[in-house]
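In this text, all values refer to a predicted model and were calculated from it rather than measured experimentally. Just so it is clear, the values below take in all heavy atoms, side chains as well, and ignore hydrogens, waters and symmetry mates.
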Amino acid sequence: MRRPVFRLPAWLPVDGYILALLGTVGLAALVPARGAAATVADGASTGAVALLFFLYGARLSTREAMDGLRHWRLHLTTLACTFVVFPVFGVAARFLVPFVLPPALYTGLLFLCLVPSTVQSSIAFTSIARGNVAAAICAGSFSSIVGIVVTPLLAGLVLHGDGGGFSAHSLVSIVCQLLLPFVAGQVLRRWWSKGGRAQRVGQGGGGRREGAFLTRHKKVLGYVDRGSILLVVYAAFSAGVVQGIWHQVSPLRLLCLLGVEAVLLAAMLTVTSYGSKKLGFPRGDRIAITFAGSKKSLAAGLPMASVLFGAQAGLAVLPLMLFHQMQLMVCAVLAKRYAARAAAEPPPAGGPEGSGPDRGGSAVGVDPVQRESEHQRAGR
């Protein structure tokens, strides 16, 4: 007899993984790692970050990301939103310090503006909205690759004097914990693909090629991903509790942070939606740009923060955690509205816009039955 699998009810507007993260924060507040336990937790966190980026490299298909270069206008637009417009808004928010946001929370807000876009959730929401899923895959992949180098560089430029930025130690940590594991994952990905039967995920040219090992153990590796991030969060927040940095934040300040992030998300959704329309992109591409260009990756941002901020990472990742949950809730509603609008509109004479291998949501074989529940699994 199969055991029942626990799932959050569909009406609950909270990502289950966010609840796990909040539970980890609560555990760190009640039972923080101290002394020798803190040393062990810090070492385990360092290893978890390296493991995460190794897995990112092993999963990411560089070949197919390069195949997507024919959509260079779309990818440049998405990258500009992620690494130019977002940071500009973050720098402009400096005038909110100290009247609205304390310096520590502002540093976290600014860091949030520097991290790359999501991959999984951008694909899921683009699929639900009947947009260009193939473009969303390539845009998320490009952002992940570029972010490994660009995010630390931007942090060195704009976080100098705000509790982050480059130092000799952080530079070595970035190379050892982020770049080298990622490159090793890319190299071993090719070996895994040749060592066993490779599986084509999806249809046409937009599918993803994964090695047999990665395909067989996809579910287990997903647990490793999320468990590693929980470990990073526990170590970061434990250090914050031990140092007493949480006394700097009041409930009123947290409410102010939520308000600022709501304005930031609304501004980016407006820029990506109307900006892509003004640039002449078709509907399917506009949807991909809207979701990929307005979202930030919790999975990439948390380990990067632990490398850049060290013991100060607790407060630095709090804005990213809150923004992540907010973007999931808002984009879930927005994706359903896009889908309802597309269903109500008659298809053009030449066929439905965004329905080919380079335009439509069916380019990677997304099951329509699963579309309504995909956003619940889009944790990264």
Exercise. Okay, side chain of Thr24, backbone of Leu230: is any donor-acceptor separation there less than 3.5 Å?
Worked result: no

Problem set entry | Gap between atom OG of Ser121 and atom NE2 of His324 - 0.5 Å precision | 6.5 Å

Problem set entry | Nearest atoms (heavy-atom pairs only) where Phe86 meets Ser294 | CZ-O, 3.7 Å

For this session: Look only at the side chain of Thr290 and the backbone of Arg286, and say whether a donor-acceptor pair between them is shorter than 3.5 Å.
Result: yes

Seminar exercise, completed: Distance col, row Gln327:CD vs Thr118:OG1, nearest 0.5 angstrom, shows 6.0 Å

Exercise. Distance from Cys113 atom SG to Phe111 atom CZ, nearest 0.5 Å?
Worked result: 10.5 Å

Seminar exercise, completed: CZ (Arg253) and OH (Tyr106) are apart, to the nearest 0.5 Å, by 14.5 Å

For this session: Identify the heavy atoms of Ala288 and Ala136 that sit nearest to each other, and give their distance.
Result: CB-N, 4.1 Å

Exercise. Does Pro87 reach the side chain of Val158, with side-chain heavy atoms less than 4.5 Å apart?
Worked result: no

Exercise. Any idea which heavy atoms bring Leu308 and Ala155 closest together, and the distance?
Worked result: CD1-CB, 3.9 Å

Exercise. When hydrophobic residues are tied together by side-chain contacts of less than 4.5 Å, even through go-betweens, does Leu320 share a cluster with Tyr234?
Worked result: no

Exercise. Out of curiosity, does Ile145 fall in the hydrophobic cluster containing Leu153 (side-chain heavy atoms, cut-off under 4.5 Å, transitive links)?
Worked result: yes

Exercise. Got a second to check how far Ile287's CD1 is from Ile128's CD1, nearest 0.5 Å?
Worked result: 11.5 Å

For this session: Flag the pair Thr82 / Lys296 as yes when at least one side-chain heavy-atom distance between them is below 4.5 Å, and no otherwise.
Result: yes

Distance-only donor-acceptor hits, side chain of residues 254-273, under 3.5 Å, sequence neighbours excluded:
| residue | atom | partner | partner atom | Å |
| --- | --- | --- | --- | --- |
| Glu261 | OE1 | Phe323 | N | 3.2 |
| Thr270 | OG1 | Ala266 | O | 2.8 |
| Thr272 | OG1 | Met268 | O | 2.8 |
| Thr272 | OG1 | Leu269 | O | 3.1 |

Exercise. Are any of the side-chain heavy atoms of Tyr338 and Phe291 separated by less than 4.5 Å?
Worked result: yes

Exercise. For the residue pair Arg283 and Arg130, what are the closest heavy atoms and their distance?
Worked result: NH1-O, 3.0 Å

Exercise. Of all heavy-atom pairs between Ala93 and Leu109, which one has the smallest distance, and what is that distance?
Worked result: CB-CD2, 4.1 Å

For this session: Could you grab the distance from atom CD1 of Ile289 to atom NE2 of His75, nearest 0.5 Å is fine?
Result: 9.5 Å

For this session: Give the minimum heavy-atom separation between Ala41 and Ala33, together with the two atoms involved.
Result: CB-CB, 4.2 Å

Exercise. Considering only heavy atoms from C-beta outward, does the side chain of Leu105 approach that of Pro102 to under 4.5 Å?
Worked result: yes

Exercise. Could Arg73 and Phe281 be counted as a cation-pi pair, given that NZ or CZ must be under 6.0 Å from the ring centre and within 45° of the axis?
Worked result: yes

Exercise. Does Leu101 share a hydrophobic cluster with Leu252, counting links as ILVMFWY side-chain heavy atoms below 4.5 Å and allowing steps through other members?
Worked result: no

Exercise. Can Ser117 and Lys295 be counted as having a side-chain donor-acceptor contact under 3.5 angstrom?
Worked result: no

Exercise. Is there side-chain contact between Gln325 and Met329, with at least one heavy-atom pair below 4.5 Å?
Worked result: yes

Problem set entry | Same apolar cluster: Leu279 and Tyr274, side chain cutoff 4.5 Å | no

Problem set entry | Note, Thr78 side chain near Ser143 side chain (heavy atom, < 4.5 Å) | no

Exercise. Would you say Phe83 and Met304 are hydrophobically clustered, going by side-chain heavy atoms of ILVMFWY under 4.5 Å?
Worked result: yes

